[in-house]
Amino acid sequence: MNVKKRIAVIPGDGIGKDVIPEALKAMEAAGAAVEFAHFDWGADRYLVDKTTVPADGFAMLGREFDATFVGAFGDPRVPSNIHAKEILLGMRSKMDLYANVRPVRLLDAELCPLKGIEPRDVDFVVIRENTEGVYGDLGGVFKQGTADEVAVQEDVNTRKGVERVIRYAFEFCTASAKADGSARRRVLMCDKSNAMTHAGGLWQRVFKEVGAGYPEIEKQHVYVDALAMQMVRDPRGLDVIVTNNMFGDILTDLAAALQGGMGMAASGNLHPGRTTERNIGMFEPVHGSAPPLAGKNVANPLGAILTAAMMLGHLGMSAKAGKIEAAVLEAVRRRKTTSDIGGALGMREVGEWVAERIAGVS
Ligand code: IPM
Ligand code: MN
């Protein structure tokens, strides 16, 4: 019987194509029971035949694969970014991957731009609603080109959408621990309900209602602007954060800076609780395609490698995931890294070092 997990690999554009092979190497070095199928979705394919997502593409990923592993999308040759939108945002919304889980963990004090902050001070998770909000593309432009032009971008918040992501945040808090083994114990909901009263009101009500079912978990509410300040003033005490699509997008770039920049941040796009589909979700490093860095062997592969570990963890291979994470930690401590986080190695050399470390050679 073939017990290997089938992974759909979509490197995409720019440095996505550079870093993904390094992450595949890490999974192989860990001896993970996985097999890969590669897909060419991205700018190159779009420029050839105008295909963003092939017909039946998302259904095929759902049906035939256990998980999807993605690089990055965005290419200056496609200024509209239509392919990025249709592939990445399409996957999130059409595959209904409603929870975007973005762990924020500082591996080494020197990677943090804040003074006096140690690894134990930065170990939190942002759970970003991933299918609604202003990302729904509802709205329109009216009287375009006239002095009376109007652009409307609707912010959609459904009871179902808000409730399921908040519930997942509480479940996540219950089930997961920090890197030092201590339990997570607080869920912070962040919104802007002092100005966006309709949407914020719904988030507030649902947070109270769902939270009542988790008496052992501490609840906290912070407005998004204040949370942005808190993240850079003192991130200690942040634990599980749940928020909408847009705020989650912005806060996770800020949060990535706390852990060494975009090159270090991992993410998983999940539909917790679904049993009707084989595919458990889409995993992608948080960084973009960074076209100026592409093909130069300089991109930091650690975000992609940590994302691979996260994926293995969700596929029931926690021990393999742990091995990969330990090797990344060691690479960071010994500065076997790219220059963005203080090392002097090229991307492939970092990937090689990590793979060898995982396999127990170095
Ligand atoms: C992210 C990215 C995307 C987003 C872009 C590429 C549409 O910034 O994954 O955070 O806004 O969600
Ligand atoms: Mn973003």
Side-chain angles (χ1 to χ4, degrees), residues 10-20 23 41-43 46 52-53 58 67-104 124-139 153-157 161 165 190 224 227-228 231 241-271 281-294 299-300 302-304 306-308 310-311:
I10 313 177
D13 308 332
I15 62 166
K17 289 195 282 196
D18 297 347
V19 295
I20 291 301
W41 307 2
Y46 177 73
T52 56
V53 179
F58 293 141
T68 312
F69 189 49
V70 157
F73 298 94
D75 186 303
R77 294 169 302 163
V78 187
S80 68
N81 248 330
I82 176 77
H83 69 300
K85 188 163 164 274
E86 292 190 0
I87 298 169
L88 189 65
L89 300 183
M91 225 180 276
R92 290 177 186 168
S93 71
K94 299 218 169 91
M95 297 181 83
D96 205 23
L97 303 172
Y98 68 83
N100 191 332
V101 180
R102 299 186 155 184
V104 183
F124 63 93
V125 177
V126 178
I127 297 178
R128 164 186 178 189
E129 201 294 321
N130 214 25
T131 56
E132 313 193 329
V134 292
Y135 279 69
D137 213 20
L138 244 69
Q153 194 86 44
E154 297 288 358
D155 181 12
V156 177
N157 297 262
V165 77
C190 132
V224 62
L227 182 59
M231 260 187 202
I241 297 169
V242 63
T243 190
N244 73 19
N245 210 338
M246 177 92 273
F247 298 154
D249 178 48
I250 298 167
L251 289 172
T252 52
D253 268 32
L254 183 57
L258 299 178
Q259 55 182 150
M262 298 305 287
M264 295 302 292
S267 83
N269 300 257
L270 313 170
H271 183 121
M282 182 265 280
F283 297 82
E284 47 163 352
V286 178
H287 65 70
S289 60
L293 305 183
N300 183 349
L302 297 181
L306 288 169
T307 300
M310 187 180 184
M311 178 171 71

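Just so you know, ligand 1 is whichever comes first in the structure, and atom 1 is the first atom listed for that ligand.
Distance remark: protein heavy atom not present below 4.0 angstrom from atom 5 (C) of ligand 1.
For atom 8 (O) of ligand 1, the closest non-hydrogen atom of the protein is Asp249 OD1, 3.3 Å. Among protein heavy atoms, atom 11 (O) of ligand 1 sits closest to Tyr135 OH, 2.6 Å. The nearest protein atom to atom 7 (C) of ligand 1, hydrogens excluded, is given as Leu89 CD2, 4.0 Å; this is a heavy-atom distance.
Among the atoms of Glu284, none of the N or O lies under 3.5 angstrom from an N or O of ligand 1.
Listed for the Asn269 side chain is no donor-acceptor partner under 3.5 Å among the backbone atoms of Arg92.
Residue Asp249 counts as close to the Mn ion (ligand 2), with an N, O or S atom under 2.8 Å.
Using a 4.0 Å cut-off between heavy atoms, Phe73 makes no contact with ligand 1 at all. Only the side chain of Arg102 comes within 4.0 Å of ligand 1, counting heavy atoms alone; its backbone N, CA, C and O stay farther away.
Side-chain atoms of Asp75 and Tyr46 form no donor-acceptor pair, as typed in the model, at a separation below 3.5 Å. Side-chain N/O atoms of Asp13 and His83 include a donor and acceptor closer than 3.5 Å.
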Walk me through whether Tyr98 and Ile127 qualify under side-chain contact (heavy atoms from CB on, under 4.5 Å).
CA-CA 10 Å; Tyr98 68 83; Ile127 297 178; over 6 Å; no
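Interface atoms of ligand 1 facing Arg128, defined by a heavy-atom separation under 4.0 Å, are 1 (C), 4 (C), 10 (O), 11 (O), 12 (O). Atom numbering of ligand 1 starts at 1 in the shown order; those under 4.0 Å from a heavy atom of Arg92 are 1 (C), 4 (C), 9 (O), 12 (O).
Proximity of Glu132 to Asp155: side-chain heavy atoms (C-beta onward) are nowhere separated by under 4.5 Å.
Nearest approach of Gly263 to His287, heavy atoms of both residues: CA-CD2, 4.4 Å. Contact between Leu293 and Asp18 at its shortest, heavy atoms only, is O-OD2, 4.1 Å.
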